[in-house]
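Numbers here simply count residues along the sequence, with the first being 1.
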Amino acid sequence: MHRGLRTAILVSAVFYWVTPIAVSFAEDWPQWRGPQNNGVSAETGLPAKWSPTEKLKWRLELPGPAPSTPVVWGDRLFLTSADGDNLVLICASSAGKLLWQKVVGPGNADIRQGESNAAAPSPVTDGQHV
């Protein structure tokens with residue numbers, strides 16, 4: 001067998017066997033109710049309780065109230081927040097670093113007499129668009 005062909009087969013075999021392991025390391029959570037739209041995660045060993053000083057890896061200061069549910073794709077976390085009179089979409093890394101923040105709409109209406117705001121809808125992602 002030609003050496004280049006053997007190398008290509010070996011690389012393909014390694015990619016085939018390693019990729020599922022890397023992909024299965026953490027589950028994407030692309031929408032409010034998760035990947036299967038049932039609120040159930042296949043992840044194990046997750047903390048059942050935490051506090052501002054216990055079992056946190058990082059914290060991210062937000063510009064305002066953020067009642068939405070964050071979504072996760074790969075090493076990116078997306079969430080909405082109020083920022084003054086604007087609704088913003090925020091992207092943070094899985095290490096807690098703010099990557100970007102974009103205004104997605106004007107107006108931060110108070111919804112249901114102070115119980116929520118315009119940032120209540122959770123974002124969704126397909127890995128390319130949010």
Side-chain angles (χ1 to χ4, degrees):
M1 183 182 301
H2 187 268
R3 181 176 176 199
L5 183 57
R6 278 188 299 203
T7 303
I9 291 171
L10 177 62
V11 169
S12 297
V14 168
F15 182 79
Y16 176 79
W17 289 107
V18 172
T19 300
I21 294 167
V23 171
S24 66
F25 179 75
E27 182 178 32
D28 290 329
W29 195 267
Q31 60 189 352
W32 173 59
R33 301 273 299 151
Q36 303 302 317
N37 203 26
N38 62 4
V40 177
S41 173
E43 296 294 316
T44 60
L46 299 173
K49 294 171 99 178
W50 61 89
S51 74
T53 58
E54 184 179 22
K55 295 187 180 179
L56 290 181
K57 287 191 174 189
W58 53 266
R59 294 177 66 149
L60 179 65
E61 192 72 29
L62 300 176
S68 70
T69 302
V71 298
V72 177
W73 192 275
D75 66 345
R76 303 282 194 248
L77 178 132
F78 303 97
L79 68 148
T80 57
S81 178
D83 187 4
D85 289 333
N86 291 318
L87 171 64
V88 294
L89 176 64
I90 296 169
C91 177
S93 72
S94 59
K97 179 182 176 193
L98 178 65
L99 300 175
W100 52 261
Q101 175 177 314
K102 298 186 186 292
V103 173
V104 293
N108 180 28
D110 189 22
I111 302 170
R112 299 183 308 184
Q113 291 94 29
E115 292 180 18
S116 192
N117 64 25
S122 299
V124 297
T125 185
D126 63 0
Q128 294 182 352
H129 305 93
V130 181

In this structure, OG1 of Thr69 is separated from CZ of Arg33 (nearest 0.5 Å) by 10.0 Å
Is Trp58 reachable from Leu79 through a run of I, L, V, M, F, W or Y residues, each pair having side-chain heavy atoms under 4.5 Å apart? yes
Is the side chain of Glu43 donor-acceptor paired with the backbone N or O of Glu27 at a distance under 3.5 Å, no angle test? yes
For the residue pair Ala82 and Ala119, what are the closest heavy atoms and their distance? N-CB, 3.7 Å
Report yes or no: does Thr80 contribute a side-chain atom to a donor-acceptor pair with the main-chain N or O of Pro121 at less than 3.5 Å? yes
Heavy-atom side-chain contact between Val72 and Ser94 under 4.5 Å: no
Is there a donor-acceptor pair closer than 3.5 Å between any side-chain N or O of Asp28 and the backbone N or O of Pro30? no
Are the side chains of Val71 and Val124 in contact, using a 4.5 Å heavy-atom criterion? no
Could you tell me whether the side chain of Ser81 and the main chain of Gly64 form a donor-acceptor pair under 3.5 Å? yes
To the nearest 0.5 angstrom, please state how far the CG atom of Leu98 sits from the CG atom of Leu77. 11.0 Å
Closest heavy-atom pair and its distance - Ser122, Trp32: OG-CD1, 4.0 Å
To the nearest 0.5 Å, what is the distance between CH2 (Trp73) and CD (Gln128)? 9.0 Å
Output yes when a side-chain donor or acceptor of Trp29 lies under 3.5 Å from a complementary backbone atom of Gln31, and no otherwise. yes
Between Leu60 and Ala92, which heavy-atom pair has the shortest distance, and what is it? CD2-CB, 3.7 Å
List the atom of Lys55, the atom of Lys49, and the distance in Å for their closest heavy-atom pair. CD-O, 3.3 Å
Nearest heavy atoms of Pro123 and Val130, plus distance in Å: CB-CG1, 4.0 Å
Shortest non-hydrogen contact from Ile90 toward Pro63: CD1-CD, 3.7 Å
For Asp75 and Ser93: C-alpha separation, side-chain torsions, deciding distance, then whether side-chain contact (heavy atoms from CB on, under 4.5 Å) applies. CA-CA 6 Å; Asp75 66 345; Ser93 72; 5.6 Å; no
Which residues share a side chain to side chain donor-acceptor pair (under 3.5 Å) with Gln101, sequence neighbours left out: Asp83
Which residue in the set Asp85, Leu87, Val88, Leu89 passes side chain to side chain contact (heavy atoms under 4.5 Å, CB included) when paired with Val103? Val88
